[in-house]
Every structure is written in C-alpha cells, then in structure tokens.
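Reviewing the structure listed below.
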Amino acid sequence: MSGEEAAGGGGGEANGVQPNVTIYINNLNEKIKLEELKKSLNAVFSQFGKILEVLAFKTLKHKGQAWVVFEDVASATKALKGMQDFPFYDKPMKIQYAKTKSDVVAKADGTFVPRERRKRNDEKPEKKQKREQHHDVSQAGGMNAYPGTYGAPPLSQLPFGAGPRVMMPEIIVPNSILFVQNLPHDTTAMVLQMFFCQYQGFKEVRTIETKPGIAFVEYGDEGQATAAMNALQGFKIKETPMLITYAKK
DNA sequence: AGCACA
C-alpha cells in the first residue's frame, strides 16, 4: 500500500474517488435550461450504456453540474473516458465518478435509507413502497419521464425496400447535405450539432418539428459531408443506429 | 468552484 497516486492524469480516481455507476459532470454550460440539459446529456451519454437517471439542479451550489447514473460501472467508465472534455454547448465537460451512491441505485439494491427525517410513515417499513415491484431497475424512478417511448423503427423497416414493389437500385448522388434518419424522436438539433460539428466544413443542422426522427445536416462540400457521414454512420444516440444518406437534390 | 437525489 505505498504511494500509488497517479500523476494527476485526469481520470476519476486521481482525486481518490472510487469507480461508481454514477458519473459527476461539471463545467457544464449554465445557460442551458435544465430540461434541455438533461435531455442532451441523456442523448450524448446513452451510447455508453443504459442510463437509469440524469440529475441536474439549478440551485446556486449545483449549477453547471449533473449526475448521470448508468446501469453498471463499465458503462460509467467508458462514458468518463470517452466524453472527458467533450465540447458540450461550447464547454468541455469535466467528468469524474460520483462520490456517493445514487438514490436510484440504493433503492434498487435495497440499501436506500431516506436521508431526511422520515415522514409520518414510521410504522410501515414494509416492502410496499410503490406498486413498482418490478425487478427492472430502470423503472425505479428512472429517466423514463420522456414524452413517450417512441423507439425508432428497426433498420429492417427503413424506407429502403419499402413497399411490395420491385426494388429500384438507388443511384447514390453525393450531396453536401446529409439526410439523417432513425433518430430518437426527442433528439434536438443542439445534440446533433454536437456530433456533426466535429467534422470539417460543418454548417448547420436542420430539424423539422413536424417530422421527428430525421434531420438534415449541411456541410461546405460533398467531400466534407461524405467524411462526416462515414464517421457517424450507424452511431447510436439511444439504441437504434442512425442512418445517414445524402439528401435528395 | 461547486457531489445530489424536487
């Protein structure tokens, strides 16, 4: 047990914090509204594994910070390493493991003890809390407060060979504008921009309110668009890989 | 900078 202090590499354990299913993020852009922030965090982190909950608060002491609770430590570790300094709303996010166990997790493994004074409910420590007695942790107050579980259509249902007709071979015509499909319906343009803006020649993302699940992303030229397409093809924002093609001219 | 559970 002699000095094993890594030379402040930038990991999470450098500050003596143990690996945790929950990551603690700070240096977040404080101008972003909480709801959007949580949604974006969810979008940006769900590539690393199942997310049980995203927490953020607007109190003075907790601005610019958030907690993302994963199902397992491996996902949290991947997220910590993969997204360290990722430019998120123009600020590099700083990620560590959370210092303590999240309530959702404690509730799931039965170690949860309300930290505040228990309410007028001291004669009933029975296991009848809610009618959610599922063993599915994700339901335990998780992130599923989303306006619906849409679930993008699987790749097999994409409008490619759609229709019972003879398949015409689609001629691929390169375009500086990309057409992105198969996105989670709550994906915002901001989140898409965070991914697509990392490639040369990025101009803008356009979404259409009446058409969730798709987006157009414009680059300076076809070559740049192609590079971005190759880099992000099949990237999963939630569970379903996004499909990128050239927009029709 | 700031580690919570609305």
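Chain identifiers are assigned alphabetically (A, B, ...) following the order of the sequence lines, protein sequences preceding nucleic acid strands; residue numbering begins at 1 within each chain. Remember, predicted model here, so these are calculated numbers, not experimental data.
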From [atom1] of [X] over to [atom2] of [N], roughly how many Å is that when rounded to an integer?
| X | N | atom1 | atom2 | answer |
| --- | --- | --- | --- | --- |
| Asn26(A) | dG2(B) | CG | P | 8 Å |
| Tyr97(A) | dC3(B) | OH | P | 19 Å |
| Asp103(A) | dC5(B) | CG | P | 8 Å |
| Lys101(A) | dA4(B) | NZ | P | 16 Å |
| Glu35(A) | dA6(B) | CD | C1' | 14 Å |
| Leu60(A) | dC3(B) | CG | C1' | 16 Å |
| Ile25(A) | dG2(B) | CD1 | P | 16 Å |
| Lys99(A) | dC5(B) | NZ | C1' | 16 Å |

So what does Lys94(A) touch, heavy atoms closer than 4.0 Å: a base, only the sugar-phosphate, or nothing?
->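 Lys94(A): no heavy atom of the nucleic acid under 4.0 Å.
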
Mind running side chain to side chain contact (heavy atoms under 4.5 Å, CB included) on Asp109(A) and Lys101(A) for me, showing each step along the way?
-> CA-CA 11 Å; Asp109(A) 64 28; Lys101(A) 188 190 280 187; 3.0 Å; yes

Should Lys61(A) be listed as having a side-chain N or O under 4.0 Å from OP1 or OP2 of dC3(B)?
->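 False: Lys61(A) side-chain N/O out of range (4.0 Å or more) of dC3(B) OP1/OP2.
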
Toward the 5' end of DNA chain B, by each residue's nearest nucleotide, Leu28(A) or Ala56(A) |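 Residue closer to the 5' terminus by nearest nucleotide: Leu28(A).
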
Return yes when atom CG of Leu60(A) has more than 12 non-hydrogen atoms of other residues, nucleotides or ligands closer than 6.0 Å, and no otherwise.
->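 Check fails, neighbour count at 12 or below.
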
To the nearest 0.5 Å, what is the distance between OG (Ser75(A)) and CG (Leu80(A))?
->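 Separation between the atoms: 12.5 Å.
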
May I have all residue pairs that pass side chain to side chain donor-acceptor pair (under 3.5 Å) and include part of residues 203-213 of chain A, sequence neighbours excluded?
->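 Every pair satisfying side chain to side chain donor-acceptor pair (under 3.5 Å) with a residue in residues 203-213 of chain A: Glu204(A)-Arg206(A), Arg206(A)-Glu218(A).
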
For Phe57(A) and dA4(B), are the ring centres under 5.5 Å apart with planes inclined under 30°?
->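 Not stacked: fails the 5.5 Å / 30° test.
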
Side chain of Gln65(A): nearest nucleotide among dA1(B), dA4(B), dC3(B)?
->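 Out of dA1(B), dA4(B), dC3(B), the nucleotide with an atom closest to Gln65(A)'s side chain is dC3(B).
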
Between dA6(B), dG2(B), dC3(B), which nucleotide has the shortest distance from any of its atoms to the side chain of Lys63(A)?
->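 Within the option list, the nearest is dG2(B).
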
Donor-acceptor pair under 3.5 Å, Ser102(A) side chain vs dA4(B) base |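 Answer yes: a donor N or O sits under 3.5 Å from an acceptor.
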
Does the base of dC5(B) carry an N or O that pairs as donor and acceptor with the side chain of Glu53(A) under 3.5 Å?
->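 Absent.
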
Provide the full list of ring pair (Phe, Tyr, Trp, His ring centres under 6.0 Å) pairs with a residue in residues 208-239 of chain A, sequence neighbours left out, each pair given once.
->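 The answer is Phe179(A)-Phe216(A), Phe195(A)-Phe235(A), Phe202(A)-Tyr219(A).
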
